[in-house]
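Below is one structure, written out as structure tokens; comments come after it.
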Amino acid sequence: MKKEILYYQMLNIGIKVKKIKDIDIKLDKIIEKYYGRNIYFNPYLNSKNRLVRMIIEGEFPTVEEWNKIAEEEGYLSHISLEYIGECNWKELKIKLIKEIKQILLE
């Protein structure tokens with residue numbers, strides 16, 4: 001739904017414009033936090049989260065294993081992950097392990 005239509009509908013039920021804009025800003029912050037700055041990175045985050053689960057379960061896949069999983073389950077290929085993450089497969093594994101350790105220390 002477009003924001004303009006949402007604003008119009010909210011105005012019709014008596015919500016003031018300032019309140020609408022406050023809600024809109026909060027909603028944008030929630031969306032940005034969940035999806036990152038670019039919604040197109042959602043497939044990247046989904047793929048990365050799947051890899052994190054695999055690391056936690058005790059095994060990081062080889063490139064060949066990951067590409068098979070990615071094809072079957074709808075994740076990004078290793079090439080796409082390397083490109084977006086700006087690193088090679090081994091560096092990606094190291095980054096993910098560091099992220100896991102950082103989260104566990106928080």
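Note that the structure is a prediction, hence the values are computed from the model and not measured.
The hydrophobic clustering, which links ILVMFWY residues whose side-chain heavy atoms are closer than 4.5 Å, places Phe60 and Ile79 apart. In the hydrophobic clustering of this structure, Ile100 does not group with Ile94; members are Ile, Leu, Val, Met, Phe, Trp, Tyr whose side-chain heavy atoms approach within less than 4.5 Å, directly or through other members.
Between His78 and Trp89, the angle of the ring planes goes over 60°, which puts this pair in the perpendicular group of the 30/60° scheme.
Remark: Cys87 SG to Leu92 CG distance equals 4.5 Å, nearest 0.5 Å. Distance check: Glu86 CD to Ile84 CD1 gives 10.0 Å after rounding to the nearest 0.5 Å. Considering CD1 of Ile55 and CD1 of Ile97, their distance stands at 5.0 Å, rounded to 0.5 Å.
Results of the side chain to side chain contact (heavy atoms under 4.5 Å, CB included) test with Leu76 over Tyr44, Trp66, Tyr83 single out Tyr44 as the only residue that passes.
Between Glu82 and Glu91, the closest side-chain pair of non-hydrogen atoms is not below 4.5 Å. With a 4.5 Å cut-off on side-chain heavy atoms, Ile56 and Arg53 do not count as touching. A heavy-atom distance below 4.5 Å is not found between the side chains of Lys93 and Leu51.
Residue Lys90 comes nearest to Asn88 through the heavy atom pair N-OD1, 3.1 Å, listed as atom of the first residue, atom of the second, then distance.
Other residues, nucleotides and ligands contribute at most 12 non-hydrogen atoms within 6.0 Å of the CD atom of Glu71.
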- Going through the distances and angles, do Ile69 and Met54 end up as a side chain to side chain contact (heavy atoms under 4.5 Å, CB included)? CA-CA 11 Å; Ile69 292 167; Met54 293 179 81; 3.5 Å; yes

